[in-house]
Amino acid sequence: MKKIISVLLAFAFVFSCTAIAFAAQEPTPVVVVSGMGTAPLIDADSGENVFPPSAETIVTNILKAVPSLTAAALLNDWKIFGQYGAEPLHDLFEKMKCDENGDSVYNVQPVSFAGNAGNYPEEFMDDEKTKSSERSVVRAVAEKIGWDRTYFFYYDFRRSALDIADDLKATVDAVLEETGSKKVTFVAMSFGGTVASAFLYKYGSDMLKNIVYASTAVCGTDLVGKLFSGNIEIEIDAIVDYIEEYLIQSGAAYELIGLGSDSLNKYGAAARTAINAYLKAMVEALREPVYAKVFADTFLRFPGIWGLMNADNYDNAKEQMIPYANLSDSFIAKIDEYAYNVEMKVDELIAGAEANGVNVYMMGSYGYAGIPLTDGSCNHTDTLIDTYLMTGRAKVADYGKTLDVSSYSHENACTDESHKHLSTDGVIDASVGLLPERTWFIKNMGHIEYGRLQDSGKLLVWVATSEEGVDVHTDSRYPQFVSLNRNSGKCSSLTEGVTIPVEEEEKQNVSFLQKLDELLSIIIAFFRAVLAR
């Protein structure tokens, strides 16, 4: 009998060890922390889409603004539009209004994604919806680690990231209970980076395996900081730069914009001066009505939007904007807590997570000029967020220029001579960033365009699902600096000494549009030759 009991106990022991070993091999669950606007905010009473606004709402309010806009443009008197056109713009965001405490005036709720991503095939398994951005990342992760271990977290981005972090904590608790895992990985995208940082501040990092800040406002954004500081500047060159980069993969269309820019440079000095004067007068006339009539009870009263502000502009922004929005003391206390304890201490929060064994990674993109609304249009961006801010303050040259590595401080920089943290195009020095060994840069990728079938998406998924720590030297397929071809989805290396093997692509029939593009290129080359004389 004792032998039988001994055998049974031995069997039970072996079985339990096997079960433990098997459980240890289960991949860490991933929570994709969304950016804003990925799914709708809904008026719970009417079922209407509040954000993004419905097409009907947009068209109705734009049509209301057209008469005053036309009159202002023809008479060169933008006060007309400020007086009569600001109200329709405000009405476009009517349902998003908040009170002086930052609470929603209407019963607005985000779409809920309770449970794992496998519960929402219409959202995450549709080929059209999952070409890029958050849905694409959810699908790509789920296809690698399982739908039952992949989760999507969405929220009302108007709220403070600190309050949203409470909801994220509840989601993490549910994921851990459902999967039996001890930890989760965050893939924080866009505004999701502010939420992830707020989570670290409020709840620490004990429940986390990895954090990937993917194209996030981890250090705020220059655009929001300057707009909220009243620093609005619109110039024709900045507009051309911004439009030009959107067309960089469009062959002759891109060349056509460039030709217009070159013509303006050669023959249009007087025209440029006149256009800029016109734009300056427009800004001066519209500044007050836009802040007072459009922003006052909408964007200025969204605590979450204040979390997108970089530290350099925060105090000035409060001084400039509080009079317009009439913010309460509790509102100010809330945005101060995030600014002073999260935004301005994100280095400490990330260092603390790393010391606790969490693998923290950053990814960003560049190659686009800044949005032409402030003097920050000279920054490299991903069309929306400044590259230097989304990558832990890596050193990034102004748009259209290259770095002079002798012109800035290299204090605390990576000094390992075998590590090449300077992109071969001379635009970025990652050695001075927050995480020089764990930050990747993708040139020519738009904001969070991590397509699951593109190399950019494969890079993100590889990092996010790594069970052991990885860095920019771990895999030659994923060097620190790459350039994305948005047509093919393939990346080529911009890292010194690294070459990514190029897969042979199938030959395709040349389309009519491609032939037209080639013809336009020939015509453009002719006019360039004329301009060069």
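Remember, predicted model here, so these are calculated numbers, not experimental data. Counting begins at 1 with the first residue of the sequence.
Taking 4.5 Å as the limit, every side-chain heavy atom of D166 sits out of range of all side-chain heavy atoms of F199. Using a 4.5 Å cut-off on side-chain heavy atoms (C-beta onward), Y450 and S215 make contact. A 4.5 Å side-chain heavy-atom check between L227 and N231 finds every atom pair outside the cut-off. The closest side-chain heavy-atom distance from P289 to F81 is not below 4.5 Å. Two residues are said to be in side-chain contact when any heavy atoms from C-beta on lie closer than 4.5 Å; L200 and I211 meet this criterion. Contact annotation: the side chain of M390 approaches that of D382 to within less than 4.5 Å [non-hydrogen atoms, C-beta and beyond]. The shortest side-chain heavy-atom distance between M189 and V33 does not fall under the 4.5 Å cut-off.
Between S456 and L484, the shortest heavy-atom distance links the atoms OG-CD2, 4.3 Å. I164 and F157 make their closest contact through CD1-CA, 4.3 Å (heavy atoms, listed as atom of the first residue, atom of the second, distance). In terms of heavy-atom proximity, S197 sits nearest to Y338 at CB-OH, 4.5 Å. Among all heavy-atom pairs drawn from A325 and L300, the shortest one is CB-CB, 3.7 Å. In plain terms, the two heavy atoms of M309 and F228 that are nearest each other are CE-CD2, 3.4 Å. L279 and I239 make their closest contact through CD1-CD1, 4.2 Å (heavy atoms, listed as atom of the first residue, atom of the second, distance).
Taking the six-membered ring wherever Trp is involved, the centroid distance between the rings of Y399 and Y366 does not fall below 6.0 Å. With ring centers used as reference points, F186 lies 6.0 Å or more from F153. Checked against a 6.0 Å centroid threshold, the rings of Y324 and F295 do not count as neighbours. Checked against the 6.0 Å centroid criterion, the rings of Y242 and Y368 do not qualify as a close aromatic pair.
When only modelled atom types and interatomic distance are considered, S68 and Q83 share no side-chain donor-acceptor pair under 3.5 Å. E134 and T38 are linked by a side-chain donor-acceptor pair at a separation below 3.5 angstrom, with hydrogens and angles left out of the test. In this model, no donor atom of one side chain and acceptor atom of the other lie less than 3.5 Å apart for N313 and N316. For the residue pair N116 / E178, a side-chain donor-acceptor distance below 3.5 Å is found, with atom types taken as modelled. Side-chain atoms of S423 and D425 include a donor-acceptor pair closer than 3.5 Å. A donor-acceptor pair shorter than 3.5 Å can be found between the side chains of S328 and S330. Between D471 and Y361, the side chains place no donor N or O within less than 3.5 Å of an acceptor N or O (distance only, hydrogens not considered).
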Between E337 and Y201, does a side-chain hydrogen bond (donor to acceptor under 3.5 Å, both in side chains) hold up when you go through it step by step? CA-CA 10 Å; E337 184 179 7; Y201 164 66; 2.9 Å; yes

Criterion side-chain contact (heavy atoms from CB on, under 4.5 Å) on T185 and T465, from CA distance to verdict: CA-CA 8 Å; T185 283; T465 59; over 6 Å; no

Taking it one step at a time, do T374 and I232 satisfy side-chain contact (heavy atoms from CB on, under 4.5 Å)? CA-CA 5 Å; T374 74; I232 304 176; 5.6 Å; no

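By the 30° and 60° cut-offs, the orientation of the rings of F441 relative to F481 is parallel.
Scored by the side-chain hydrogen bond (donor to acceptor under 3.5 Å, both in side chains) test, D206 finds N356 as partners (sequence neighbours excluded). With sequence neighbours left out, R452 forms a salt bridge (charged side-chain N to carboxylate O under 4.0 Å, His left out) with D127, E143.
Look at R139 and D126 and you find no salt bridge, because none of the NZ, NE, NH1 or NH2 atoms lies under 4.0 Å from a carboxylate O. A salt bridge does not link E235 with K280: every distance from a Lys NZ or Arg NE/NH1/NH2 to an Asp or Glu carboxylate oxygen is 4.0 Å or more. The pair K95-D43 meets the salt-bridge criterion, since a charged nitrogen lies less than 4.0 angstrom from a carboxylate oxygen.
For K129, the NZ atom is densely surrounded, since the number of other residues' heavy atoms within 6.0 Å is greater than 12. Around the CD atom of E122, the shell of radius 6.0 Å holds more than 12 heavy atoms that belong to other residues, nucleotides or ligands. Other residues, nucleotides and ligands contribute more than 12 heavy atoms inside 6.0 Å of the CG atom of D45. Taking a 6.0 Å sphere around OH of Y106, one finds it holds more than 12 heavy atoms contributed by other residues, nucleotides or ligands.
A donor-acceptor distance shorter than 3.5 angstrom exists from the side chain of H380 to the backbone of G367, with no hydrogens or angles considered.
Within the structure, side-chain hydrogen bond (donor to acceptor under 3.5 Å, both in side chains) pairs that include any residue of residues 293-307 comprise H90-D297 (at least two apart or interchain).
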